[in-house]
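Remarks on the structure that follows.
Since the model is a prediction, treat every value here as computed from it, not as a measurement. Atoms within a ligand are numbered from 1 in the order they appear, just like the ligands themselves.
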Amino acid sequence: MAAKNLSLSSLFSLLFLLSLHTPTSQLRRNYSFPPRNATAVRIPTSLLLHQISHYSTATATVPGGGEWMLLQQSIGVSAMHMQLLYDNKVIIFDRTDFGLSNLTLPPGECRGNDEAVPVDCSAHSLLYDVATNTFRPLIVQTDVWCSSGAVNADGTLVQTGGYHAGDHKIRLFMPCTYGQCDWIELKQNLTVQRWYASDQILPDGRIIIVGGRRAFSYEFFPKNEFIGVNATVRFPFLKETTDPKEENNLYPFLHLLPDGNLFVFANRRSVLLDYNNNRIVREFPPIPGEKRSYPATGSSAMLPLKLTPAGGNDSASVDVMVCGGAWGGSYLKAMRGVFNLAAKSCGRIRVTDPDPKWEMEDMPMGRVMADMLLLPSGDVIILNGASRGSAGWECASDPVLNPVMYRPDEPDSTRRFTMLNPTTIPRLYHSAATLLPDGSVLVGGSNPHVRYNFTGVQYPTELSLEAFAPPYLGAAYSHLRPSILSIQGPADGVVSYGQEFAISFGLGLFQDVTRCIVTLAAPSFTTHSFAMNQRLLVLYIENVQQLSSFDYKVTVHAPPNANVAPPGYYMLFVVHQGVPCHSVWLRIS
Ligand SMILES: *[C@@H]1O[C@H](CO)[C@@H](O)[C@H](O)[C@H]1NC(C)=O
Ligand SMILES: *[C@@H]1O[C@H](CO)[C@@H](O)[C@H](O)[C@H]1NC(C)=O
Ligand SMILES: *[C@@H]1O[C@H](CO)[C@@H](O)[C@H](O)[C@H]1NC(C)=O
Ligand SMILES: *[C@@H]1O[C@H](CO)[C@@H](O)[C@H](O)[C@H]1NC(C)=O
Ligand SMILES: *[C@@H]1O[C@H](CO)[C@@H](O)[C@H](O)[C@H]1NC(C)=O
Ligand SMILES: *[C@@H]1O[C@H](CO)[C@@H](O)[C@H](O)[C@H]1NC(C)=O
Ligand SMILES: *[C@@H]1O[C@H](CO)[C@@H](O)[C@H](O)[C@H]1NC(C)=O
């Protein structure tokens, strides 16, 4: 342990910790971290965390805790798709073919509509600034309805497909510090229509686009550089998992495993795909119970990967979890106004086992169209959705307002699920959620109607944005919350595979730093209850040193290779006794 003298930097930490308890907007806007090497990290200057005192009191609180905050009554667009970018802005979009949204484009920026109106001067996409809680309209040229996406190694959103004139499109969105960056639509097309496909960034930086309606194939972006001219690869598994008249295999769940193969789940089946050789490496047993893919929409996450020292065995154990869904036929029944109870069960499978089996567990309630997000603490939050029906227009009822938390490492299986405080806003079909850099969850959307409809319907189109603060952001835990002060090692904010680097962080007096973990969270492209590309890596800790009363330094190993962590931007969290700091962005290359 280093000397415990009260240094100037400790005072800084103390002031910072005190500032966390001072909810004045003055402090919030003006406070900036004192990074010792500003070139190495991107540190946001304004934090949602500080606004927690403004969170509304829930109507019916439960012991599990958590708080909801209404960020915006209306952003003018229903948040069907969401992607957080490394500049702490969230790109949000809906579809273009239903008429006018409630957000006007800048003067003169109209476009021809795909269907509903000849000229459309409303926005169907926007950029939400997390730090300032403001937003501006974006101009998307063609229909992005039910599309997919992934952020590439440079931090650019690559968005693929949609409907109508947009169904073969590839669009880019590059974050920009200044100016008015907007969507760029490429001339190059996808090889086939991709509507309800899923995307995943691969270790070599390419993005794989899998499936879609009547698209029993996958392809890559960029294409042609790595494989032949016709970049479409047939994938019969998707045809086999399509139910007649109902599908139940759209938006397949994709998880890139640390062995480099792609886990693909559709309907009730799952396989491990060697996408480079178009070979099914293995097939897993079907999940018991209900169907899990759109429109019997469940959700899925690969549980946190716990990394060993560089060169260790990182594929030793990997668990995939699938939760919720609906019985086959639920969609067809819902079309006739009969809403089946949604699946209560989750399945968890150790995909690295030689003879894996689904271990089934029950959520506190049934759920269809739930979002599953990995929290920086390593827990899973399940939120949004309904307890009856399926995905699809007018196809669900009985919204589930309480999120639940799942603790994968809790040995007592009866204690893994905890119910959290409810929101007041139903989030049904076409809603979304994503993790934010302060550890809260951004929640928006819900439009179970063909067009925007605010009157005479049970579940009106939702244009609001909320944030959910998981229990760890509660005031009762603020004394446990670390704060990152600087990062040492990465040159120009870029860390290399296997590199050892150090994070200095502040923490209140008398804390037990042996109970710290350091995690990296990849931001997800979320739509239709699936958070594409999300992964949480628990880094290997070499050691933790105490530098002074309030200052610590933790030395960690960066992920060993690109199978474990595809290149790109990750949120780096120091988590102390389950309480995460506000993250900083780290680029892995
Ligand atoms: C904080 O910012 C406000 C405006 O954003 C400015 O008027 C004020 O002087 C700043 N205060 C400090 C202490 O820098
Ligand atoms: C959206 O715009 C319509 C038409 O102007 C209006 O009736 C409705 O109240 C607006 N909805 C919201 C949530 O702002
Ligand atoms: C891409 O598709 C559009 C129609 O969706 C077509 O007009 C255009 O020519 C295609 N571009 C290329 C490069 O093939
Ligand atoms: C490329 O693959 C698609 C989908 O399998 C097929 O429809 C198309 O005919 C192929 N094109 C060529 C030039 O082989
Ligand atoms: C890593 O672990 C897996 C699963 O336990 C095992 O099959 C594999 O042989 C191990 N690899 C090494 C290099 O130890
Ligand atoms: C909203 O839905 C109701 C009930 O189906 C319908 O009567 C009404 O016309 C719809 N409004 C709009 C604007 O589509
Ligand atoms: C900042 O980091 C860079 C790259 O790691 C290093 O070369 C430089 O000396 C550091 N500067 C300070 C003030 O620590």
Notebook entry, point to check: Can you find a side-chain donor-acceptor pair between Asn88 and Trp585 that sits under 3.5 Å?
Noted result: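 Their side chains do contain a donor-acceptor pair, which is all the 3.5 Å distance test asks for.
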
Checklist line | Distance-only side-chain donor-acceptor flag, Thr142 / Glu185, under 3.5 Å | finding: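 Their side chains do contain a donor-acceptor pair, which is all the 3.5 Å distance test asks for.
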
Check: Any protein heavy atom under 4.0 Å from atom 11 (N) of ligand 6?
Finding: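 Answer yes: something from the protein, a heavy atom, is under 4.0 Å.
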
Check: Between the main-chain N or O of Leu420 and the side-chain N or O of Asn402, is there a donor-acceptor pair closer than 3.5 Å?
Finding: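 Flag set: sc Asn402 to bb Leu420 pair under 3.5 Å.
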
Check: When you measure from the side chain of Arg451 to the backbone N and O of Phe98, does any donor-acceptor pair fall under 3.5 Å?
Finding: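 Indeed, once roles are kept as given, a pair shorter than 3.5 Å links the two residues.
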
Check: What part of Lys187 sits under 4.0 Å from ligand 3 if we count only heavy atoms: the side chain, the backbone, both or neither?
Finding: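 For Lys187, only backbone atoms sit under 4.0 Å from ligand 3.
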
Give me the nearest non-hydrogen protein atom to [atom] as residue plus atom name, then the distance to 0.1 Å.
| atom | answer |
| --- | --- |
| atom 7 (O) of ligand 2 | Phe454 CD1, 4.8 Å |
| atom 8 (C) of ligand 6 | Asn453 ND2, 3.8 Å |
| atom 4 (C) of ligand 6 | Gly456 O, 3.7 Å |
| atom 13 (C) of ligand 6 | Tyr452 O, 4.1 Å |
| atom 5 (O) of ligand 6 | Val457 CG1, 4.5 Å |

Next item on the list: Establish, yes or no, whether a centroid distance under 6.0 Å links the rings of Tyr128 and Phe135.
Entry: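 Not under 6.0 Å, so no.
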
Notebook entry, point to check: Looking at the rings of His255 and Phe265, which for Trp means the six-membered one, are their centres under 6.0 Å apart?
Noted result: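 No.
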
Check: Of the backbone atoms (N, CA, C, O) and the side-chain heavy atoms from C-beta on, which set of Thr455 has a member under 4.0 Å from an atom of ligand 6: side chain, backbone, both, or neither?
Finding: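 Looking at Thr455 and ligand 6, just backbone atoms fall under 4.0 Å.
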
Next item on the list: Identify which one of Glu219, His168, Lys169 satisfies the side-chain contact (heavy atoms from CB on, under 4.5 Å) criterion when paired with Arg194.
Entry: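 Going through Glu219, His168, Lys169 one by one, the side-chain contact (heavy atoms from CB on, under 4.5 Å) with Arg194 is satisfied by Glu219 alone.
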
Note to self: Only heavy atoms of Leu463, strictly under 4.0 Å: list the atoms of ligand 2 that pass.
What the structure shows: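 Reading through ligand 2 atom by atom, the close ones are 12 (C), 13 (C).
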
Next item on the list: Using a strict 4.0 Å cut-off to heavy atoms of Asn102, name the atoms of ligand 2 that fall inside it.
Entry: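 Selected atoms, number and element: 1 (C), 2 (O), 3 (C), 8 (C), 10 (C), 11 (N), 12 (C), 14 (O).
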
Notebook entry, point to check: Quick one: which ligand 3 atoms are inside 4.0 Å of a heavy atom on Asn189?
Noted result: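 Per the distance check, 1 (C), 2 (O), 3 (C), 8 (C), 10 (C), 11 (N), 12 (C), 14 (O).
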
Checklist line | ring-ring contact (aromatic ring centres under 6.0 Å, His included) assessment of Tyr251 paired with Tyr196 | finding: CA-CA 5 Å; Tyr251 279 120; Tyr196 297 86; 5.5 Å; yes

